[in-house]
J.: 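One structure follows; several queries about it will come next.
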Amino acid sequence: IDSLLKDTLGINNVTDCWNTDKFNKVQAIKHLNEILDSRHKIAHTGKTSKELNYESNYEDMNFIFELATLLQKSVDEYLVS
């Protein structure tokens with residue numbers, strides 16, 4: 001994400017916006033990678049070692065939405081400045 005937005009818009013370290021009261025950038029990246037790894041395993045093998053249920057899926061969805069919202073805000077602020 002950092003490389004993509006640096007190359008396309010010139011924004012450096014855009015994921016720094018993921019440092020919040022709830023989690024820091026390192027934790028956010030780790031959790032996002034876990035979600036993506038699970039999705040990859042399901043898509044390509046039909047199974048994952050992560051226990052899936054409605055509650056965990058909903059929490060992951062909210063987490064991704066929160067990261068996306070923070071990222072969008074950061075990009076918007078960069079573009080208007």
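When reading the values below, keep in mind they use all heavy atoms of this one structure, side chains included, and skip hydrogens, waters and symmetry mates. These numbers were taken from a predicted model, which means no experiment stands behind them.
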J.: Tell me whether D60 is salt-bridged to R39, with the criterion being a basic N under 4.0 Å from an acidic carboxylate O.
T.: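 The answer is no: the pair does not qualify as a salt bridge.
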J.: Enumerate donor-acceptor pairs with a distance under 3.5 Å from any side-chain N or O in residues 3-12 to protein atoms, sequence neighbours excluded.
T.:
from	atom 1	to	atom 2	distance (Å)
K6	NZ	N12	OD1	3.3
T8	OG1	L4	O	2.7

J.: Between N33 (side chain only) and K30 (backbone N and O only), is there a donor and an acceptor less than 3.5 Å apart?
T.: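 It does not hold such a pair.
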J.: Looking at every heavy atom in both K41 and S49, which two are closest together, and how far apart are they?
T.: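 Heavy atoms only, the tightest pair is NZ-OG, 4.4 Å.
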J.: Under the 3.5 angstrom rule, does the side chain of S38 hit a backbone N or O of I35 as a donor-acceptor pair?
T.: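 No, the answer is negative, given that no donor and acceptor are paired below the 3.5 Å cut-off.
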J.: Verify, without hydrogens or angle tests, whether S74 (side chain) and L70 (backbone) share a donor-acceptor contact under 3.5 angstrom.
T.: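 No: the side chain of S74 does not pair with the backbone of L70.
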J.: Measuring centre to centre across the rings, with the benzene-like ring taken for any Trp, is H31 within less than 6.0 Å of F63?
T.: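 Aromatic pair counts; centres sit under 6.0 Å.
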J.: L52 and L36: same hydrophobic cluster, using ILVMFWY side-chain contacts below 4.5 Å?
T.: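 No: no chain of side-chain contacts under 4.5 Å links L52 to L36.
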J.: Enter the distance from N13:CG to I1:CD1 here, rounded to the nearest 0.5 Å.
T.: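 Output value for this atom pair is 12.5 Å.
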J.: Considering only Ile, Leu, Val, Met, Phe, Trp and Tyr, and joining two whenever side-chain heavy atoms are under 4.5 Å apart, list the other residues clustered with Y54.
T.: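 Noted: Y54 shares its cluster with Y58, M61.
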J.: Please check this pair: side chain of D2 against backbone of V14, looking for a donor-acceptor N/O pair closer than 3.5 Å.
T.: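 Indeed, once roles are kept as given, a pair shorter than 3.5 Å links the two residues.
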J.: Spell out, yes or no, whether V75 and I64 are grouped together once hydrophobic residues are joined by side-chain heavy atoms under 4.5 Å, including indirect joins.
T.: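 As far as the 4.5 Å side-chain criterion goes, I64 and V75 are connected within one cluster.
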J.: Is there a side-chain contact between L67 and L71, using heavy atoms and a 4.5 Å cut-off?
T.: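 No; the side chains remain at least 4.5 Å from each other.
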J.: Going from CG on D37 to CG on L32, what distance comes out if it is rounded to the nearest 0.5 angstrom?
T.: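 CG of L32 is found 11.0 Å from CG of D37.
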J.: If you measure only the distance, is there a donor-acceptor pair under 3.5 Å linking the side chains of Q72 and D76?
T.: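 Side chains of Q72 and D76: pair found under 3.5 Å.
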J.: Assess whether a salt bridge exists between E34 and K50, defined as any Lys/Arg side-chain N lying under 4.0 Å from an Asp/Glu carboxylate O.
T.: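 Here E34 does not pair with K50 in a salt bridge, since their nearest N and O are not under 4.0 Å apart.
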J.: Compare every heavy atom of N19 with every heavy atom of K25, then report the nearest pair and how far apart it is.
T.: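 That would be N-OD1, 2.8 Å.
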